[in-house]
Enquirer: 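I'd like to ask you about the structure that follows.
Just so we're on the same page: letters track the sequence lines, and every chain starts at 1.
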Amino acid sequence: MNKIRTRFAPSPTGSLHLGGVRTAFYNWLFARQNNGTFVLRIEDTDAERSTEESAKGIIESMKWLGLNWDEGPFFQSERLAIYFDHLEKLRKNGFIYPAFDTQQELDEMRELAKKQKRNPIYDRRALKLTDYEIKQKMDAGEPFVWRFKVPDSEFTEIPELLMGEQDDHKIRNATIGDFIITRPGTKNNPGMPLYNFACVIDDALMEISHVIRGMEHLPNTPKQVLLYKALGYNVPKFVHLPIIMKNNKKMSKRDKDYDPNFPVSILERRDLGYLPDATLNFIALLGWSHPLSKELLTPFEILENFSLDRLNKANPNFDEQKYLFINGWHVKNRNDDELVQIVSPFLQKAGYDTSKYNKENLEKMMAMEKERCHLLAQFPDALNFFFVAPETYEEKGIRKSFYQPQADLILQTTAKMIASLDDTEMNKASLDSKLANMVMNLEIKYGIVGPIIRLAITGKTKTPGLAEIIEVLGKNETINRLEKARVFIKSLPPLPIDEAS
RNA sequence: GUUCCCAUCGUCUAGUGGCCUAGGACAUCGGCCUCUCACGCCGGUAACACGGGUUCGACUCCCGUUGGGAACGCCA
């Protein structure tokens, strides 16, 4: 059996998007799983739209995701000589012909076809040109493109593994039309190869065994099959993946109509605090399922269980809530020290001085918040009180807690209790019992005491447990904040009568 | 419009003729846990688009209808 070789072949006309990630991932999985080879190829024959920056972004994205490739990255712009050799071969063997039609003529043809309610198919007018006419036009320097002459045979068979009938499906050649394989050029200045042409040559030369790509390429496939055959190359197997939908239309990088909070660009997701493993996990599930329906998976578990015959054919819908949920799961399954590494940049970006705390305390913060934060970008807000003492207190909390008649007493008692602690008692376990003791002696319910202390030291009503916060915050800082809150409470105006109840 | 593709809870899906009074997950709604929030746990609501066949039997096979999507570029 021949070796499995797959490829990911994006065009560098923008950042890598989530749909592309799935294509890349499936190709990567299939290659890795079969001990095959995964090739990265940048399809940059469109000089106008391609940018070096995009290519770099794609490569950076692939690395960040951990989708390592074995060969490449190849750039099509560096392989032009190869394409022109093949062009010459096709020309010699009579598979292609030059067409001098102008843009306007083509537009008119399309217009007419639309009016006649049929598919716009080239009418082969250029084929009627005599050799003499062609020579004259070429010598005169008229620009032309090369068109592939679709054979008269009735069908083109596509070796498609996923879509369509179980048997290879067949496309009627009459519906294909003589397609263009090069951009306009002149006799001495050949035009750049077009997608269908360059792609086939590269896939053939790189001995790609399985072309796994989005469904939008299905209509290109019969043309490409024809090209493989004309060139005398083996036709690979094709797998056309259903299209990922968002709000009932194709999720696309060209669609400028999307919510900036939910970017399609993978690098932008990374900057929002989505994890590579989570992204791969979520995206893998858009069209594939684990044999035991497991859904929270590491890349390794996906690799172990992936198979082409568990692919789904219907277009999946991109569900942000599920992506977020899966990200949250991966966040809370990270080790605390790993989290310190990846979360610290987010804290620093928010202006917090992480050097205020040692590694151990930073890890404790991660432990406190990792079950609460689904995105890395949520950590700064969640941990802000560790870096900045509260300036204000949550309005709701003030009414509910600080207006309690015993509030000042509670804070005073807490401050005294903390002050009495020696360093060996500044840990979660003893703090928990000291706090419980104190509450017992106070003869007030923890449900009242807790929120008051919490508000005083964090300014917030929703935080992790008190003991762990105090442990990390330290003795002096905690006492300072308690005293500051007491001052604040004393300055509080009396509660309006109608709210006093 | 033409060609092609697709069709199970709101969403992602399991299901390859009897195991299905259709399973799981997200979301949602109750409850438990609890110093708050979150996590976690328990439970509820919720789907085989429709119509014909084939068959002893159809979510599963066939045909049609309807619905959705993609392509129709001298982009990839």
Side-chain angles (χ1 to χ4, degrees), chain A residues 9-13 43-46 48-50 99 101-103 106 110 113-121 143-147 160 162-164 169 171-172 175-177 179-185 191-192 194-196 198-199 213-222 240 242-243 245 248-250 254 282 285-296 309-310 312-326 328 332 368-374 382 397 400-401 435-436 439 445-455 458 460-467:
Chain A
S11 67
T13 54
E43 307 219 323
D44 57 350
T45 54
D46 187 343
E48 291 191 2
R49 292 203 306 133
S50 299
D101 311 288
T102 63
Q103 193 60 254
L106 291 172
R110 261 190 285 273
K114 204 175 171 184
K115 231 178 248 174
Q116 294 174 170
K117 298 187 173 182
R118 54 179 179 81
N119 218 1
I121 286 177
F144 63 91
V145 299
W146 287 102
R147 281 189 184 264
E160 166 69 37
L162 181 61
M163 291 298 170
H169 67 214
I171 302 294
R172 282 187 293 122
T175 65
I176 297 175
F179 53 97
I180 298 171
I181 63 173
T182 64
R183 290 180 171 76
M192 285 280 271
L194 248 13
Y195 166 71
N196 279 132
C199 177
R213 69 203 338 181
M215 251 254 312
E216 65 271 21
H217 286 293
L218 195 51
N220 285 320
T221 312
H240 285 99
I243 287 164
M245 309 289 283
N248 295 320
K249 55 182 196 256
K250 182 181 169 188
R254 294 188 204 177
F282 171 66
L285 261 17
L286 255 27
W288 172 82
S289 60
H290 186 280
L292 301 174
S293 294
K294 259 192 92 175
E295 300 206 310
L296 295 167
D309 41 69
R310 290 195 66 81
N312 214 42
K313 291 155 89 166
N315 296 342
N317 216 292
F318 192 94
D319 181 1
E320 291 291 350
Q321 285 182 310
K322 190 153 185 173
Y323 189 10
L324 198 61
F325 168 82
I326 289 178
K332 74 176 180 236
M368 273 182 237
E369 284 296 348
K370 68 180 177 181
E371 302 210 323
R372 206 171 316 259
C373 295
H374 292 215
K400 204 177 152 197
S401 297
L435 243 17
V439 169
K445 277 192 285 187
Y446 213 156
I448 293 171
V449 177
I452 295 173
I453 303 174
R454 177 188 322 283
L455 191 66
T458 69
K460 301 205 274 194
T461 57
K462 299 171 182 178
T463 73
L466 279 176

Enquirer: Just by protein heavy atoms under 4.0 Å, how would nucleotides 26-34 of chain B read 5' to 3' in B, S and -?
Expert: SS-------

Enquirer: Look at the side-chain N and O atoms of Arg310(A) and state whether any lies under 4.0 Å from the OP1 or OP2 oxygen of G15(B).
Expert: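 For G15(B), OP1/OP2 do have a side-chain N/O of Arg310(A) under 4.0 Å.
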
Enquirer: What distance, rounded to whole Å, do you find between the two P atoms, one in A46(B) and one in U36(B)?
Expert: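 It comes out at 33 Å once rounded to the nearest Å.
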
Enquirer: If the cut-off is 4.0 Å, is Lys249(A) near the phosphate of G68(B), judged by side-chain N/O to OP1 or OP2?
Expert: no

Enquirer: Please report the distance, rounded to the nearest Å, between CG in Asn317(A) and P in U13(B).
Expert: 9 Å

Enquirer: With sequence neighbours excluded, tell me which residues meet ring pair (Phe, Tyr, Trp, His ring centres under 6.0 Å) with Phe144(A).
Expert: Phe100(A), Trp146(A)

Enquirer: Write out a two-atom table: protein N or O, nucleotide N or O from nucleotides 2-7 of chain B, distance below 3.5 Å.
Expert:
residue: U2(B); atom: O2; partner: Asn119(A); partner atom: OD1; Å: 3.3
residue: C5(B); atom: O3'; partner: Gly164(A); partner atom: N; Å: 3.4
residue: C6(B); atom: OP1; partner: Gly164(A); partner atom: N; Å: 2.9
residue: C6(B); atom: OP1; partner: Lys313(A); partner atom: NZ; Å: 3.2

Enquirer: List in chain and number order the residues that pass ring pair (Phe, Tyr, Trp, His ring centres under 6.0 Å) with Phe325(A), two or more places apart in sequence or in another chain; answer none if no residue qualifies.
Expert: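 Once residues adjacent in sequence are excluded, Phe325(A) has no partner under the ring pair (Phe, Tyr, Trp, His ring centres under 6.0 Å) criterion.
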
Enquirer: Using the side chain to side chain contact (heavy atoms under 4.5 Å, CB included) criterion, which residues pair with Thr461(A)? Sequence neighbours excluded.
Expert: Glu394(A), Leu455(A)

Enquirer: Provide, to the nearest angstrom, the distance between the OH atom belonging to Tyr195(A) and the P atom belonging to C72(B).
Expert: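 Answer to the nearest Å: 12 Å.
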
Enquirer: Go through the structure and list residues passing side chain to side chain contact (heavy atoms under 4.5 Å, CB included) with Asn317(A), not counting sequence neighbours.
Expert: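 Partners of Asn317(A) by the side chain to side chain contact (heavy atoms under 4.5 Å, CB included) criterion, ordered by chain and then number, come out as Met245(A), Asn248(A).
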
Enquirer: Look at the side-chain N and O atoms of Ser293(A) and state whether any lies under 4.0 Å from the OP1 or OP2 oxygen of G23(B).
Expert: no

Enquirer: Compare side-chain N and O positions of Arg110(A) against OP1 and OP2 of C72(B) and report whether any pair is under 4.0 Å apart.
Expert: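 Checking Arg110(A) against C72(B): no side-chain N or O falls below 4.0 Å of OP1 or OP2.
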
Enquirer: In whole Å, what is the span from the CZ atom of Arg49(A) to the C1' atom of A76(B)?
Expert: 6 Å

Enquirer: Would you please name every residue forming a side chain to side chain donor-acceptor pair (under 3.5 Å) with His374(A), sequence neighbours left out?
Expert: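 Side chain to side chain donor-acceptor pair (under 3.5 Å) check on His374(A) returns nothing, list empty.
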
Enquirer: Now, which nucleotide makes the Watson-Crick or G-U wobble pair with C61(B), with each of the two distances under 3.5 Å?
Expert: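 In the structure as shown, C61(B) has G53(B) as its Watson-Crick or wobble partner.
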
Enquirer: Ser293(A): which residues meet the side chain to side chain contact (heavy atoms under 4.5 Å, CB included) condition with it, sequence neighbours left out?
Expert: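 Per chain and number, Ser293(A) pairs via side chain to side chain contact (heavy atoms under 4.5 Å, CB included) with no residue.
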
Enquirer: Whole angstroms only, please: what is the NZ-C1' distance between Lys294(A) and G23(B)?
Expert: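 Spelled out: NZ on Lys294(A) to C1' on G23(B) is 17 Å.
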
Enquirer: What's the CD1-P distance between Ile243(A) and G69(B), to the nearest Å?
Expert: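 Roughly 11 Å, once rounded to whole Å.
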
Enquirer: List the residues meeting ring pair (Phe, Tyr, Trp, His ring centres under 6.0 Å) with His290(A), not counting sequence neighbours, and say none if there are none.
Expert: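 Ring pair (Phe, Tyr, Trp, His ring centres under 6.0 Å) check on His290(A) returns nothing, list empty.
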
Enquirer: Are any of Thr461(A)'s side-chain N or O atoms less than 4.0 Å away from OP1 or OP2 of U36(B)?
Expert: no

